[in-house]
Amino acid sequence: MDKSQWLDRLSTSTVTTAVWRDYLTMTKPKVVAMLLLTALVGMCLAVPTVPTVYVVVLGLAGIGLQSAAAAVFNHILDRHFDAQMTRTYHRPLAKGRIATSKAVLFGCVLMVSGFILLWQLNPLTAWLTMASLVGYAVVYTVWLKHATPQNIVIGGLAGAAPPLLGWTAVTGSLNPHALLLVMLVFAWTPPHFWALAIHRRDDYAKAGIPMLPVTHGIEYTKTMVLFYTLLLFAVGLLPWLTGMSGGIYLIGSSMLNLGFIGYAIKLKFFDTEGHAWATFKYSIWHLLTLFVVLLVDHWWLSWTLVHS
């Protein structure tokens, strides 16, 4: 192989890698990974010990594929707005690196594949996951996001569904404890997203998207961030108050929620440059750690029950 052939093959390989990286980017893998963690915890909390490997693998694969599909449809429907924002202008569809028709086909394949996998477990989980996909990709992205500054509050329900989906994947039925997990994510979503919206306020204004900092101002949004962190603290007590979780969860969740309140207080009264972004980053680790604490607490209670 001469030098020109080697360079051509290297160039083709690089282009192929870049294309697949763009497809992967459209699925928002970091967001999907966080959703799958909450779904996994929902699965584990649904049974006294550990769910079967079959249910975990099939359930997480189906929920993951459907979540990835929702992300792809979000990229498709928001591509013109993404092109106007600093945070998103480099996305594959906004830049035109991936054709819209190919992205639609990709999203549909992910959606149908995920639905079929979840149907093997039970129809309830398949339809609930599909409803979450439609809620995020259509109701939120197409309508709520551009209709009201309370978009993330109303639309946050779709993003809060994975723990419930994990629970129903194992049991095939709804349970009040599963709904408590949904409430945790639902209360967490507004302060998480509004911290980002404060940081990117000018971006949203430029794109004409009525996020709360754009319509009501940054100071009002800071107040709402603080309010929702206080609400999250109250909601965070419910798993312990209802007997769903024990002392490990109570201590861990209280510390995490107090930390979130601390970030919100500083954001409101002692704000410094970059603190909104720091609050946003803390919120991500907050949710991940909160669900790990839920899982540790559950397994500890199960172990003590078996050995008592």
Side-chain angles (χ1 to χ4, degrees), residues 28 30-31 33-35 37-38 84-89 140 144-145 148-157 159-160 180-241 245 247-294:
K28 299 185 180 181
K30 292 181 179 179
V31 174
M34 185 164 64
L35 296 178
L37 173 65
T38 64
Q84 303 175 51
M85 299 175 62
T86 304
R87 183 173 68 93
T88 56
Y89 79 95
Y140 169 72
L144 285 173
K145 188 174 182 179
T148 170
Q150 293 297 314
N151 44 28
I152 198 62
V153 177
I154 307 169
L157 188 59
L180 286 183
L181 300 178
V182 172
M183 288 177 64
L184 283 174
V185 184
F186 183 71
W188 167 88
T189 301
H192 159 74
F193 197 87
W194 282 334
L196 173 64
I198 290 172
H199 180 69
R200 294 293 188 180
R201 188 262 176 204
D202 293 342
D203 252 4
Y204 287 114
K206 180 181 177 183
I209 300 174
M211 291 298 175
L212 197 63
V214 177
T215 61
H216 288 67
I218 288 178
E219 285 305 315
Y220 178 81
T221 307
K222 290 177 180 178
T223 302
M224 295 306 295
V225 168
L226 178 56
F227 170 77
Y228 271 92
T229 57
L230 294 171
L231 179 63
L232 177 60
F233 183 89
V235 172
L237 296 175
L238 292 178
W240 177 73
L241 290 172
S245 300
I248 293 175
Y249 167 76
L250 177 63
I251 294 171
S253 65
S254 296
M255 291 176 62
L256 288 166
N257 289 334
L258 287 172
F260 206 167
I261 291 171
Y263 270 86
I265 289 174
K266 182 178 178 182
L267 183 66
K268 174 61 181 175
F269 300 107
F270 312 101
D271 194 14
T272 55
E273 185 177 354
H275 184 65
W277 180 246
T279 303
F280 171 74
K281 290 192 293 183
Y282 174 82
S283 71
I284 296 173
W285 287 108
H286 168 282
L287 187 69
L288 294 174
T289 309
L290 180 67
F291 271 78
V292 170
V293 169
L294 268 167

Geometric class of the Tyr282/His286 ring pair [parallel <30°, tilted 30-60°, perpendicular >60°]: tilted
Are the side chains of Leu184 and Leu180 in touch, meaning some heavy atoms are under 4.5 Å apart? no
If you apply the rule side-chain contact (heavy atoms from CB on, under 4.5 Å), what do you find for Leu226 with Phe269, and how did you get there? CA-CA 10 Å; Leu226 178 56; Phe269 300 107; 4.1 Å; yes
CG of Leu232 to CG of Leu290, rounded to nearest 0.5 Å, is 7.5 Å
Quick one: do Thr272 and Lys266 satisfy side-chain contact (heavy atoms from CB on, under 4.5 Å)? Show the steps, please. CA-CA 8 Å; Thr272 55; Lys266 182 178 178 182; 3.8 Å; yes
One should read off an interatomic distance between Leu250 CG and Leu237 CG, to the nearest 0.5 angstrom, of 6.5 Å
Just so I know, are the side chains of Asp271 and Ile218 near enough to count as touching, which here means a heavy-atom distance under 4.5 Å? no
Would you say the side-chain atoms of Trp188 pair up with the backbone N or O of Ser283, donor to acceptor, closer than 3.5 Å? yes
Does any N or O in the side chain of Ser254 come within less than 3.5 Å of the main-chain N or O of Ile251, such that one atom is a donor and the other an acceptor? no
Would you check if the side chain of Lys268 reaches a backbone N or O of Glu219 as a donor-acceptor pair within less than 3.5 Å? yes
What is the minimum heavy-atom distance between Ile198 and Pro213, and which atoms define it? N-CG, 3.8 Å
Is Phe280 close to His199 at the side-chain level, that is, under 4.5 Å between some pair of heavy atoms? no
Phe260 side chain near Thr279 side chain, heavy-atom distance below 4.5 Å: yes
So Val225 and Tyr263, side-chain contact (heavy atoms from CB on, under 4.5 Å) or not? Walk me through it. CA-CA 10 Å; Val225 168; Tyr263 270 86; over 6 Å; no
Quick one: are Val235 and Phe186 in side-chain contact, heavy atoms under 4.5 Å? no
Once rounded to the nearest 0.5 Å, what's the spacing between atom CG of Leu181 and atom CG of Leu294? 6.0 Å
Do the non-hydrogen side-chain atoms of Thr148 and Thr215 ever get within less than 4.5 Å of each other? no
Within the structure provided, determine whether Leu196 and Arg87 are in side-chain contact (heavy-atom separation under 4.5 Å). yes
In this structure, CG of Leu288 is separated from CE of Met34 (nearest 0.5 Å) by 6.0 Å
Looking only at heavy atoms, the pair that brings Pro190 and Ile152 closest together is CA-CG2, 4.3 Å
Heavy atoms only: give me the nearest Leu212-Pro149 pair and the separation to one decimal. CD1-CB, 3.8 Å
On a heavy-atom basis, the closest approach of Ala264 and Thr229 is CB-OG1, 3.7 Å
Where the side chain of Tyr249 meets the backbone of Gly236, is there a donor-acceptor pair that is under 3.5 Å apart? yes
With rounding to the nearest 0.5 Å, note down the distance linking CG in Asn257 to CG in Leu231. 10.5 Å
Lys145 to Pro210 - nearest heavy-atom pair and separation: O-CD, 3.4 Å
Looking at Asp203 and Met85, would you say the former's side chain and the latter's main chain have a donor-acceptor pair under 3.5 Å? no
Look up atom CG in Leu287 and atom OG1 in Thr189, then write down how far apart they are to the nearest 0.5 Å. 8.0 Å
One pair to check against side-chain contact (heavy atoms from CB on, under 4.5 Å): Leu258 and Met255. What are the steps and the verdict? CA-CA 5 Å; Leu258 287 172; Met255 291 176 62; 5.9 Å; no
Would you say that Phe270 contacts His275 through its side chain, given a criterion of any heavy-atom pair below 4.5 Å between the two side chains? no
